[in-house]
Amino acid sequence: MLSTVKQRADYTFKFNRTLGRHGWLRLTPAYGVKLVEKILASVERDAIILDPFSGTATTGLVAAEHGNQAVTFDINPFLVWLGNAKCRNYCEDCLINIRKGVQQALKEYKSLVEQDNWIPQIFNIERWWSSYTLKCIAALRTALVNQFGETEENKLYDLVWIAFCRLIIETSSASFNHVSMSFNETTTHFEIEYIEELFVTILGFVLSSAEQHIQGKAKVIKTDSRNIVELNNIKVDQVITSPPYPNRMSYIRELRPYMYWTKFLDEAKEAGEIDWMAIGGTWGIATSRLTSWQVQEWKLPEDIFLVAERIQTSKGKNAALLAVYVLKYFHDMHLHLSSLRHILKNGAELHYIVGNSTFFGNMVDTSALISKSMQMLGYSEIHSKIIRKRNCKKALYEYCVSAAWSDS
DNA sequence: AGGAAGGAAGCCAGGTCCGC
DNA sequence: GCGGACCTGGCTTCCTTCCT
């Protein structure tokens, strides 16, 4: 049966690239617009949608485009900023002001290149950009700050910084388009004029898609989804989300260039701290903190402890560490599913897009384990459906776990 | 037609920093 | 100057899709 399941490139970010706002900035682990559209197709226009793991705000944006009202959560401040910028409507005057401001900034840009401009404290920055490219980018950033202020100072100018983020990725020697981020052997030397042209092209793309009016409304709120607080008495009808997978993928690792240049990150230490607050991941200090991590909630499905035990007793240098990692992942997901219950409307539906993993050859059946947590927490009509083959190891697939909630 | 690129992976090793 | 903690990214992997 599994052998007939296809990879479905149309369910990945690749498909999102050409869809206006959805293609602005890529986060490697992003799910497909199509998947959300499919689920939303049968949802009423007045339904309130929730995505507790917003990421690049795919769910929120699709829901708003569909005419629904959506609330989404993320713990990473950069993703909260990006999501809100993606889902907002921009008036005509605002777009005109941006075009004028950028024209002014570009007049100043070239004269700033040889000046001592601010650059971020990103580790080994010379691996990301050649020294000359870096000078040009830093000059452009200074010119843009002179016109628009720093990143979070004025919401109306968020689009400028989204275009700038796109520019730094396109000129960097990091390849974000493989299973995990890596660097090319050499950095490319871009000319001063080329950087300007590229920025103008990117900005044009961003502004033209920002012109499209969005019918519904979506808002990203900085929230830890393990500890959800009341939403001003709003209760949700549909939860559509793709939580992090138990695969040790670090969001910070991929987001570093954006977050440093927009000043959401100042130094390496903070990256580890942010990863530690998230579910999954592990970058920097977050990895070593696993060794002293303690279970807070022992009332979990037994299978979660069994999987961790299997990994722990398998051969592998970091078997003990990764056993804790997997245990913590499902522990935290359980806390999330528990905390979620008090903001669900009677009859609410859940759709969780999840992926399985392997550690030292041990299969971690995420959809089954999440289903067990849902069962223990009183959800009903729990069923899991396979969606696609993932583009990596042989045994890895993506699933949709659905459930319903009824007050009793 | 055939090679190259690309994609929600894990796993490991090597460099650096800092207290002793 | 030693050793452990902390940071960082390189290496195989395996199928599909893209590109020449």
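The sequence lines fix the lettering, A, B, ..., with proteins before strands; numbering per chain opens at 1. Here the structure is a predicted model, which is why all the values come from computation and not from measurement.
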Base, sugar-phosphate alone, or nothing: which one does [X] contact when heavy atoms must sit under 4.0 Å apart?
X      : value
A:P246 : nothing
A:R289 : nothing
A:I353 : nothing

Rounded to whole angstroms, how far apart are [atom1] on [X] and [atom2] on [N]?
X      : N      : atom1 : atom2 : answer
A:I252 : B:dA8  : CD1   : P     : 20 Å
A:E254 : C:dG10 : CD    : P     : 13 Å
A:Y397 : B:dA9  : OH    : P     : 13 Å
A:E126 : C:dG9  : CD    : P     : 11 Å
A:N124 : C:dC6  : CG    : C1'   : 16 Å
A:R256 : C:dT8  : CZ    : C1'   : 7 Å
A:E267 : C:dC6  : CD    : P     : 15 Å
A:Y325 : B:dC12 : OH    : C1'   : 16 Å

Go through [options] for me and flag the one nearest to the [X] side chain.
X      : options               : value
A:E398 : C:dG9, B:dA8, B:dG10  : B:dA8
A:F360 : C:dC15, C:dG9, B:dC12 : B:dC12
A:R253 : C:dG10, B:dA8, B:dA9  : C:dG10
A:A268 : C:dC7, C:dG10, B:dA8  : C:dC7
A:F123 : B:dC11, C:dG9, B:dC12 : C:dG9

Would you say [X] places a side-chain N or O within less than 4.0 Å of OP1 or OP2 belonging to [N]?
X      : N      : answer
A:N318 : B:dC12 : yes
A:R127 : C:dT8  : no
A:R388 : B:dA8  : yes

* Residue among A:I202, A:L159, A:T56 satisfying side-chain contact (heavy atoms from CB on, under 4.5 Å) with A:W24 -> A:L159
* Do A:T358 and B:dA9 share a donor-acceptor pair, side chain to base, under 3.5 Å? -> no
* Counting only N and O atoms by type, is there a donor-acceptor contact under 3.5 Å from the side chain of A:T72 to the main-chain atoms of A:G60? -> no
* Asked: Cationic tip of A:K328 within the cone over A:W276's six-membered ring, i.e. under 6.0 Å and within 45° of the normal?
  -> yes
* Could you go through the side-chain hydrogen bond (donor to acceptor under 3.5 Å, both in side chains) check for A:D116 and A:W118 one step at a time? => CA-CA 7 Å; A:D116 198 16; A:W118 178 87; over 6 Å; no
* Which comes earlier along DNA chain B counting from the 5' end, the contact point of A:P244 or that of A:A319, where each point is its nearest nucleotide? -> A:P244
* Residue closer to the 5' end of DNA chain B, A:S357 versus A:K317 (nearest nucleotide) -> A:S357
* To do: For A:K394 and for A:A271, find the nucleotide of DNA chain C with the closest heavy atom, then tell me which residue's nucleotide is more 5'.
  => A:A271
* **side-chain hydrogen bond (donor to acceptor under 3.5 Å, both in side chains) against A:K235, all qualifying residues, sequence neighbours excluded** => none
* Nucleotide forming a Watson-Crick or wobble pair with B:dC11, both distances under 3.5 Å -> C:dG10
* Ring centre gap for A:W129 and A:H189 strictly below 6.0 Å -> no
